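Below: one structure, written as structure tokens.
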Amino acid sequence: MSALATAVEVEPVVDDGYRPTDDEPFMNERQLAYFRKKLLDWKDEILRESKETVTNLKAETENHPDLVDRASSESDRALELRTRDRQRKLISKIDDALRRIEDGSYGYCEETGEPISLGRLEARPTATLSVEAQERHERRERVHRDD
């Protein structure tokens with residue numbers, strides 16, 4: 001094996017049937033590879049959908065003579081653009097999560113440093129807070145919002 005081959009880090013392969021479990025070490029290489037793949041697939045899906053949106057918006061430049069049709073079309077377009085804006089923000093969160101995987105902080109609560117449950121990460125791979133820390137954060141938000 002050449003020196004170059006030994007210097008290259010090999011990414012663990014994640015088979016499609018794998019799901020992280022509490023029976024294995026938290027955020028081991030296999031779990032990190034699983035969540036990296038999950039995040040990258042999610043990002044690719046969002047980017048593909050946004051390209052389709054751009055194509056559809058370009059194609060739908062027709063002038064609707066009926067006011068109701070025009071209003072409906074404009075309403076649909078506005079909704080689609082709001083959805084894409086939310087997804088643009090989500091891509092930023094996905095990129096942040098991928099950076100955390102690289103720096104070794106992924107899967108740990110930003111507030112407490114404790115592991116975030118695998119169930120929470122499975123449901124929300126961009127999570128930065130444990131369930132308990134998120135609940136505290138939301139309670140504080142409600143209290144300040146009511147002021």
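One is the number of the first residue; the rest follow in order along the sequence. Treat the numbers as computed from the prediction; the structure is a model and nothing was measured.
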Mind checking the [atom1]-[atom2] spacing from [X] to [Y]? Nearest 0.5 Å is all I need.
X      : Y      : atom1 : atom2 : answer
Cys109 : Ile116 : SG    : CD1   : 6.0 Å
Leu129 : Arg136 : CG    : CZ    : 8.5 Å
Asp44  : Ile94  : CG    : CD1   : 9.5 Å
Arg30  : Thr21  : CZ    : OG1   : 9.0 Å
Glu114 : Ser130 : CD    : OG    : 8.0 Å
Arg142 : His137 : CZ    : NE2   : 11.0 Å

Below 4.5 Å, heavy atoms only, C-beta onward: do [X] and [Y] meet side chain to side chain?
X      : Y      : answer
Val143 : Arg140 : no
Lys37  : Leu32  : no
Arg88  : Ser92  : no
Pro20  : Phe26  : no
Gln134 : Glu111 : no
Gln31  : Leu118 : yes
Tyr106 : Leu39  : yes

Ion pair present between [X] and [Y], side-chain N to carboxylate O less than 4.0 angstrom?
X      : Y     : value
Lys89  : Asp85 : yes
Arg100 : Asp96 : no
Glu45  : Lys38 : no

Spell out, as yes or no, whether a donor-acceptor pair under 3.5 Å connects the side chain of [X] to the backbone of [Y].
X      : Y      : result
Arg48  : Lys43  : no
Glu138 : Glu135 : no
Ser75  : Ala71  : no

Legend entry - ILVMFWY network linking Val131 to Met27, side-chain heavy atoms under 4.5 angstrom: no

Legend entry - Single-linkage hydrophobic cluster Tyr18~Phe35, side-chain heavy atoms < 4.5 angstrom: yes

Inset, instruction - Quick one: do Thr128 and Tyr108 satisfy side chain to side chain contact (heavy atoms under 4.5 Å, CB included)? Show the steps, please. - result: CA-CA 7 Å; Thr128 59; Tyr108 295 91; over 6 Å; no

Inset, instruction - Answer yes if the side chains of Glu122 and Tyr34 hold a donor-acceptor pair under 3.5 Å, and no otherwise. - result: yes

